[in-house]
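One structure is given below, encoded as structure tokens.
A, B, ... follow the sequence lines: proteins, then strands. Residue 1 opens every chain.
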Protein chains: 2
Amino acid sequence: MKRDVFQAIADPTRRAIIALIALQAMTPNAIAENFHTTRQAVSKHLRILTECELVTQEQKGREIYYTLEIDKMKEIDRWLEQYRKIWESRFEQLDVLLAELKEQDKQEKKK
Amino acid sequence: MKRDVFQAIADPTRRAIIALIALQAMTPNAIAENFHTTRQAVSKHLRILTECELVTQEQKGREIYYTLEIDKMKEIDRWLEQYRKIWESRFEQLDVLLAELKEQDKQEKKK
DNA sequence: CAAGTATGCAACCATTCAGTTGCACATGTC
DNA sequence: GACATGTGCAACTGAATGGTTGCATACTTG
């Protein structure tokens, strides 16, 4: 039942919805027009995105505008942070070293 | 059949596996010891991670070492990039706003 | 108040998924 | 060669997922 952000962005349609409403808040109908699926399917995706607080709703008359909660996206960024440290350090030094070691290994195996 | 990186990191167990082998290459058995699940379940996860090129295998004797392909993680980072731009610009805007409010506050107090 | 529009929710369906169990295959050790 | 160890693969299962259809609710307009 409890869904997390990573599960939310796993679906390509949901990522597309996120990309859409990142620019401006939109209604379910307006969003659905961009996809080859029913309005109800989009509504379901919006429900999931709302559940994990990636989007928020704002009622205006009979329309409901959905807005991306950009702060929640930072959660993914924070998770990535630990790996960014790794690839940054490897870029600086280890990458070259590893390539050399692999090359040496190849030479060894040839013998 | 075709799985992408986002689907791969959707599962909490797979994220834990990624975190484990980020530090050092590990065998399926060694990885499985860290979870309350069977070796075969871990093996399945590794297969999925391999399919979408997040990990690579290296056979050493009868053991197979799995290594995280940190470069593939950059794909997620690239996707995040567009949203990072948004929250950074909002932060700047907020910064300006806060500065203005502080200025106003000063003016108020002077009165 | 009636008709139309915007939306959410429930029920159902086909597919996928994560996990377990059992088996096969390869490598290493006695 | 016999046996133990490390591993992957296939079949099965229960749960979750994404989608559709149909209906109920709420707001707007005439």
Q.
Show, in sequence, the C-alpha distance, side-chain angles and deciding distance for B:Val5 and B:Met73, and conclude whether the side-chain contact (heavy atoms from CB on, under 4.5 Å) test is met.
A. CA-CA 8 Å; B:Val5 186; B:Met73 301 289 279; 5.7 Å; no

Q | Carboxylate-amine/guanidinium proximity below 4.0 Å for B:Asp71 and B:Lys74 | A | yes

Q. Atom CG of B:Asp4 to atom C1' of C:dT16: distance rounded to whole Å?
A. 14 Å

Interface polar pairs with nucleotides 13-15 of chain D, N/O, under 3.5 angstrom:
none

When the side chains of residues 11-18 of chain A are checked against the rest of the protein, which donor-acceptor pairs come out under 3.5 Å, sequence neighbours left out?
{"unit_1": "A:Asp11", "atom_1": "OD2", "unit_2": "A:Thr13", "atom_2": "N", "d": "3.0"}
{"unit_1": "A:Asp11", "atom_1": "OD2", "unit_2": "A:Thr13", "atom_2": "OG1", "d": "3.4"}
{"unit_1": "A:Asp11", "atom_1": "OD2", "unit_2": "A:Arg14", "atom_2": "N", "d": "3.2"}
{"unit_1": "A:Arg14", "atom_1": "NE", "unit_2": "A:Ala8", "atom_2": "O", "d": "2.7"}
{"unit_1": "A:Arg14", "atom_1": "NH1", "unit_2": "A:His45", "atom_2": "ND1", "d": "3.0"}
{"unit_1": "A:Arg14", "atom_1": "NH2", "unit_2": "A:Gln7", "atom_2": "O", "d": "3.3"}
{"unit_1": "A:Arg15", "atom_1": "NH1", "unit_2": "A:Ile9", "atom_2": "O", "d": "2.7"}
{"unit_1": "A:Arg15", "atom_1": "NH1", "unit_2": "A:Ala10", "atom_2": "O", "d": "3.2"}
{"unit_1": "A:Arg15", "atom_1": "NH2", "unit_2": "B:Asp4", "atom_2": "OD2", "d": "3.3"}

Q: Step by step, work out the salt bridge (Lys or Arg N to Asp or Glu O under 4.0 Å) result for B:Arg84 and B:Glu81.
A: CA-CA 5 Å; B:Arg84 190 174 299 120; B:Glu81 189 56 36; 2.5 Å; yes

Q: State, to 0.1 Å, how close B:Trp79 and B:Tyr83 come at their nearest heavy-atom pair, and which atoms those are.
A: O-CD1, 3.6 Å

Q. Should A:Phe6 and A:Ile76 count as side-chain neighbours, where that means a heavy-atom distance under 4.5 Å?
A. yes

**Q.** Exercise: identify the closest heavy-atom pair between A:Leu46 and A:Val55
**A.** O-CG2, 4.0 Å

Q) Counting only non-hydrogen atoms, which of residues 6-15 of chain B are less than 4.0 Å from DNA chain D? A) none

Q.
side-chain contact (heavy atoms from CB on, under 4.5 Å) for A:Ile64 and A:Gln57? Distances and angles first, verdict last.
A. CA-CA 6 Å; A:Ile64 300 177; A:Gln57 318 171 11; 3.7 Å; yes

Q. Any side-chain N or O of A:Arg3 under 4.0 Å from OP1/OP2 of D:dT17?
A. yes

Q: Go through the steps to decide whether A:Glu51 and A:Arg47 satisfy the test side-chain contact (heavy atoms from CB on, under 4.5 Å), and finish with yes or no.
A: CA-CA 6 Å; A:Glu51 266 175 21; A:Arg47 189 163 173 266; 3.8 Å; yes

Run the side-chain donor-acceptor check on residues 19-33 of chain B: report pairs under 3.5 Å with partners two or more places apart or on a different chain.
{"unit_1": "B:Thr27", "atom_1": "OG1", "unit_2": "B:Ala30", "atom_2": "N", "d": "3.3"}

Q. Just to confirm, is there a sub-4.0 Å distance from OP1 or OP2 of D:dT20 to any side-chain nitrogen or oxygen of A:Thr37?
A. yes

Q: Please state whether the phosphate of D:dG19, meaning OP1 or OP2, lies under 4.0 angstrom from any side-chain nitrogen or oxygen of A:His36.
A: no

Q. Under the salt bridge (Lys or Arg N to Asp or Glu O under 4.0 Å) rule, what pairs show up with a residue in residues 52-64 of chain A, not counting sequence neighbours?
A. A:Glu53-A:Lys72

Q: For each nucleotide in nucleotides 2-10 of chain D, reading 5' to 3', give B when a protein heavy atom comes within less than 4.0 Å of its base, S when such contact involves only the sugar-phosphate, and - otherwise.
A: --BBSBBB-

Q) Would you say D:dG19 has OP1 or OP2 under 4.0 Å from some side-chain N or O of A:Thr38? A) no

